[in-house]
Amino acid sequence: MRVLVTGGAGFIGSHVVTALTAAGHEPVVLDALLPSAHPVAPPDPPAGWLHADVRDRAAVVRALAGVDAVCHQAAMVGLGTGFADAPDYVSCNDLGTATLLAAMAETGVTALVLAGSMVVYGEGRYDCPAHGRVAPGPRREADLAAGRFEPGCPRCAAPLVPGLIGEDAPADPRNVYAVTKLTQEQLAASWARATGGRALALRYHNVYGPGMPRDTPYAGVASFFRSALARGEAPQVFEDGGQRRDFVHVRDVARANVLALEALSGREPGGCRALNTGSGEPHTVGEMAEALATAHGGPGPVVTGEYRLGDVRHITASSERLRTELGWRPEVTFDAGMAEFAGAGLRAVAS
């Protein structure tokens with residue numbers, strides 16, 4: 001299968017390219033090489049390499065020649081530096097996706113795997129002892145400033161018990177990046193209905209591993225901590241470190257993409273189905289910082305009490321749908337993955 005991988009020179013995209021090649025497929029890479037991810041072209045670019053922006057429709061049409069499926073990884077990620085980034089997020093993620101889908105409709109390519117994100121849920125799943133399943137609203141800045149990080153029951157304010165969230169939970173994006181990721185899924189669904197295409201959206205949880213970009217605000221918390229350790233500094237843990245996340249290794253995510261691409265031909269046309277892509281084993285941000293610092297040899301993490309309004313408290317995945325429908329299982333354990341990541345190289349980015 002010949003597969004166009006948008007963003008194929010990036011962190012996750014490059015691992016997808018490697019996994020596709022190992023599985024006997026032919027990846028073709030299109031990447032804009034945005035400075036927030038990497039300042040220069042890959043040192044050993046693949047044979048099918050096109051340095052172009054996914055928003056350039058003519059370039060995308062050229063890249064789609066002879067392609068059987070698209071693996072859409074190109075996106076601006078992370079919370080960034082503030083709301084001033086909003087036009088760039090919308091342009092890169094939503095205009096870029098719309099341009100790609102229009103080019104796919106023009107060229108007759110009808111198979112798509114989309115890099116989705118758990119951020120579309122907002123807060124994760126919560127249960128109140130008295131009122132059952134509840135959905136807390138956005139946390140108030142006054143509570144965060146006072147160190148009250150845990151959301152309470154919206155009906156009685158009682159402490160809540162977090163759990164694993166499934167794909168049928170309502171979307172509730174809490175920041176600009178999250179809004180653009182949900183819009184990508186909706187665009188893909190519209191494209192599939194209009195063209196008879198088939199699409200799967202892999203809702204990544206906290207992906208980490210070798211090749212993450214270093215020293216950039218457009219990355220995940222694992223990159224922030226690893227970058228600090230590379231500078232000889234202590235990882236700075238926001239809030240109280242008790243935020244629950246699902247840390248999933250990038251090679252496991254790459255395998256999920258290959259399985260999803262291979263499964264597309266057997267799916268019903270006209271829809272976009274979401275699949276959580278996480279380890280299924282929650283860990284706190286503080287536990288991750290401690291494991292990474294220990295494996296790296298220190299210094300130990302520092303809990304700062306700082307916060308970001310766009311962050312949610314707990315979001316962890318049930319990936320049972322991905323396991324059942326595609327036969328995927330994570331292979332890299334938390335301990336082994338953090339030990340590897342502690343000594344792995346990071347990708348330098350432009351300043």
Side-chain angles (χ1 to χ4, degrees), residues 9-15 18 33-44 76-82 85 144-145 147 149 175 177 204-254 279 281-313 315 332-351:
F11 165 48
I12 297 176
S14 61
H15 284 274
T18 298
L33 300 178
L34 296 179
S36 58
H38 35 166
V40 296
D44 298 306
M76 187 172 174
V77 302
L79 282 182
T81 59
D85 287 331
L144 296 174
F149 302 122
N175 55 60
Y177 171 59
Y204 301 160
H205 283 247
N206 288 68
V207 186
Y208 74 96
M212 291 193 86
R214 175 177 175 173
D215 296 325
T216 171
Y218 304 98
V221 66
S223 176
F224 297 164
F225 293 166
R226 182 65 181 81
S227 295
L229 289 165
R231 297 190 301 268
E233 301 171 3
Q236 303 293 297
V237 179
F238 279 16
E239 301 187 17
D240 60 0
Q243 311 94 303
R244 285 161 54 98
R245 296 291 187 269
D246 187 319
F247 299 101
V248 57
H249 196 277
V250 67
R251 288 196 298 274
D252 285 330
V253 169
S279 71
E281 297 182 2
H283 289 273
T284 68
V285 171
E287 288 171 347
M288 190 270 283
E290 188 64 44
L292 198 55
T294 299
H296 189 272
V302 174
V303 176
T304 69
E306 296 177 76
Y307 58 87
R308 298 188 300 182
L309 276 179
D311 280 338
V312 297
R313 180 62 175 175
I315 176 67
V332 182
T333 66
F334 177 80
D335 290 339
M338 288 299 162
E340 178 201 26
F341 184 45
L346 297 176
R347 174 178 295 150
V349 298
S351 59

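Every value quoted in this text rests on a predicted model; they were computed, and no experiment measured them. Residues: numbered from 1 along the sequence shown.
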Run the side chain to side chain donor-acceptor pair (under 3.5 Å) test against D311 and tell me which residues pass, sequence neighbours left out. R308
For G305 against F149, the heavy-atom pair lying closest together: O-CZ, 3.8 Å
Atom CG in D85, atom CG in N175: separation rounded to 0.5 Å? 11.5 Å
Apply salt bridge (charged side-chain N to carboxylate O under 4.0 Å, His left out) to E281 and list each qualifying residue two or more places apart in sequence or on a separate chain. none
Here the pair of heavy atoms bringing G300 nearest to A293 is CA-CB, 4.1 Å
Measure the CD-CZ distance between E287 and F247 for me, rounded to the nearest 0.5 Å. 9.0 Å
Side chain to side chain donor-acceptor pair (under 3.5 Å) partners of Y204, counting only residues at least two apart: Q73, N257
Do the side chains of Y208 and L292 get nearer than 4.5 Å, heavy atoms only? no
Is there side-chain contact between P299 and L229, with at least one heavy-atom pair below 4.5 Å? yes
Contact check, side chains of L144 and F238, non-hydrogen atoms, under 4.5 Å: no
I need the minimum non-hydrogen distance between V302 and A234, along with the two atoms involved. CG2-CB, 3.8 Å
With heavy-atom distances below 4.5 Å as the criterion, would you say the side chains of F11 and P213 are in contact? yes
Note, R245 side chain near I315 side chain (heavy atom, < 4.5 Å): yes
Please report the shortest heavy-atom distance between V250 and P210, naming the atom on each side. CG1-CD, 4.2 Å
Report yes or no: does E290 contribute a side-chain atom to a donor-acceptor pair with the main-chain N or O of M288 at less than 3.5 Å? no
With sequence neighbours left out, write down each residue that passes salt bridge (charged side-chain N to carboxylate O under 4.0 Å, His left out) with E239, or none if nothing qualifies. R139, R313
Anything under 3.5 Å between a donor and an acceptor, one on a side chain of residues 333-344, the other on a protein residue two or more places apart or in another chain? List them.
residue, atom, partner, partner atom, Å
T333, OG1, A336, N, 3.2
E340, OE1, H249, NE2, 2.7
E340, OE2, R251, NH1, 2.9

All heavy atoms of G220 vs all of M212, minimum pair found to be N-CE, 4.4 Å
Going by the side chain to side chain donor-acceptor pair (under 3.5 Å) test, which pairs reach into residues 226-235, not counting sequence neighbours? D215-R231, R231-E233
Mind listing the closest non-hydrogen atom pair of V237 and A289 along with its distance? CG2-CB, 3.7 Å
Got a sec, which residues hit side chain to side chain donor-acceptor pair (under 3.5 Å) with N206, two or more places apart in sequence or on another chain? none
S223: which residues meet the side chain to side chain donor-acceptor pair (under 3.5 Å) condition with it, sequence neighbours left out? none
